[in-house]
Amino acid sequence: MIDPTHITAYLDKLVTGAQPFILRRHTDVTGVSGTGIVADGVLFPAAGKSRAVVRWRGDRGSTVVWDHLGHVKDIHGHDGATTIELVPVDELIAALKAVAAIEGAPTTSSDPGEAAANEGYNDALDAVRLAITDAIESLHDHDDAA
């Protein structure tokens, strides 16, 4: 059984400031990058002078630092062919906390079918919590290696 307080304690320590985003290309106007997610980026907060960093995916990947996110849209937006989508980090953290707080279903019941269903529910909940815990431990491993 995964301890949900471990998940919540780690998530409580996360401070969002930098805002991740992706560039999604709907139409490849130039024939170079293709369609779909073509770049990953981070918008730094105002204290960082609102700089945006973009890392292009693919065989010709590159990293570019922009003074403003608007400049990325001006150069690469191609009149809506490419859009900037912010990754909702705060909402994802809230969702993970909500999963950690879900109570397990009772596994004792006079109805064997209900007991089995509840056990299956608890197994699924544990699998999700394990995936979250593994991701957290992976982040800790990266922190320790740095």
Side-chain angles (χ1 to χ4, degrees), residues 1-107 114-146:
M1 186 80 158
I2 302 298
D3 180 7
T5 59
H6 172 71
I7 296 169
T8 304
Y10 180 80
L11 294 173
D12 284 340
K13 293 178 189 175
L14 291 179
V15 177
T16 57
Q19 173 65 59
F21 62 89
I22 59 168
L23 291 183
R24 184 180 306 276
R25 184 142 296 151
H26 306 284
T27 304
D28 187 3
V29 176
T30 63
V32 174
S33 301
T35 58
I37 300 173
V38 295
D40 304 280
V42 177
L43 176 64
F44 291 94
K49 300 191 182 196
S50 299
R51 303 241 193 265
V53 176
V54 175
R55 174 70 187 165
W56 291 92
R57 295 181 177 191
D59 295 338
R60 292 170 271 196
S62 63
T63 303
V64 183
V65 179
W66 298 86
D67 286 336
H68 301 282
L69 186 59
H71 294 169
V72 177
K73 182 180 176 187
D74 293 344
I75 300 296
H76 298 290
H78 302 292
D79 296 320
T82 302
T83 54
I84 297 169
E85 298 178 17
L86 300 178
V87 177
V89 174
D90 290 335
E91 290 85 351
L92 292 171
I93 291 171
L96 292 172
K97 285 182 178 181
V99 168
I102 293 172
E103 292 290 328
T107 55
E114 180 181 342
N118 287 350
E119 189 172 315
Y121 171 85
N122 289 339
D123 289 345
L125 181 59
D126 247 9
V128 170
R129 287 180 175 161
L130 179 61
I132 295 168
T133 301
D134 287 348
I136 289 170
E137 289 173 359
S138 174
L139 290 172
H140 280 299
D141 291 345
H142 289 334
D143 288 346
D144 293 342

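Side-chain atoms are counted along with the backbone in the values below, which use heavy atoms only and exclude waters and symmetry mates.
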Provide the closest heavy-atom pair for [X] versus [Y] in the form atom of the first, atom of the second, distance.
X	Y	answer
Ser33	Val38	O-CG1, 3.7 Å
Ala39	Val54	CB-CG1, 3.6 Å
Leu23	Ile84	CD2-CG1, 3.3 Å
Phe21	Leu43	CE2-N, 3.6 Å
Pro20	Val89	CG-CG2, 3.4 Å
Val53	Phe44	CG2-CE1, 3.6 Å

Go through the structure and list residues passing salt bridge (Lys or Arg N to Asp or Glu O under 4.0 Å) with Arg57, not counting sequence neighbours.
-> Asp40
Write out all pairs satisfying salt bridge (Lys or Arg N to Asp or Glu O under 4.0 Å) with one or both partners inside residues 78-89, taking only residues at least two apart or from two chains.
-> Arg24-Glu85
Assess whether side-chain contact (heavy atoms from CB on, under 4.5 Å) is satisfied between Ile102 and Arg129, documenting all intermediate values.
-> CA-CA 10 Å; Ile102 293 172; Arg129 287 180 175 161; 4.2 Å; yes
Under 3.5 Å: donor-acceptor pair, side chain of Gln19, backbone of Val87 |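 Checking the backbone N and O of Val87 against the side chain of Gln19, a donor-acceptor pair under 3.5 Å is found.
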Side-chain donor/acceptor of Thr82 to backbone N/O of His78, under 3.5 Å = no
Side chain to side chain contact (heavy atoms under 4.5 Å, CB included) filter on Thr35, not counting sequence neighbours, yields Asp28
Between [atom1] on residue [X] and [atom2] on residue [Y], distance to nearest 0.5 Å:
X	Y	atom1	atom2	answer
Trp66	Ile75	CH2	CD1	5.0 Å
Lys73	Thr83	NZ	OG1	9.5 Å
Asp126	Thr133	CG	OG1	9.0 Å
Asp123	Asn118	CG	CG	11.0 Å
Ile22	Ile37	CD1	CD1	3.5 Å
Thr8	Ile132	OG1	CD1	9.0 Å

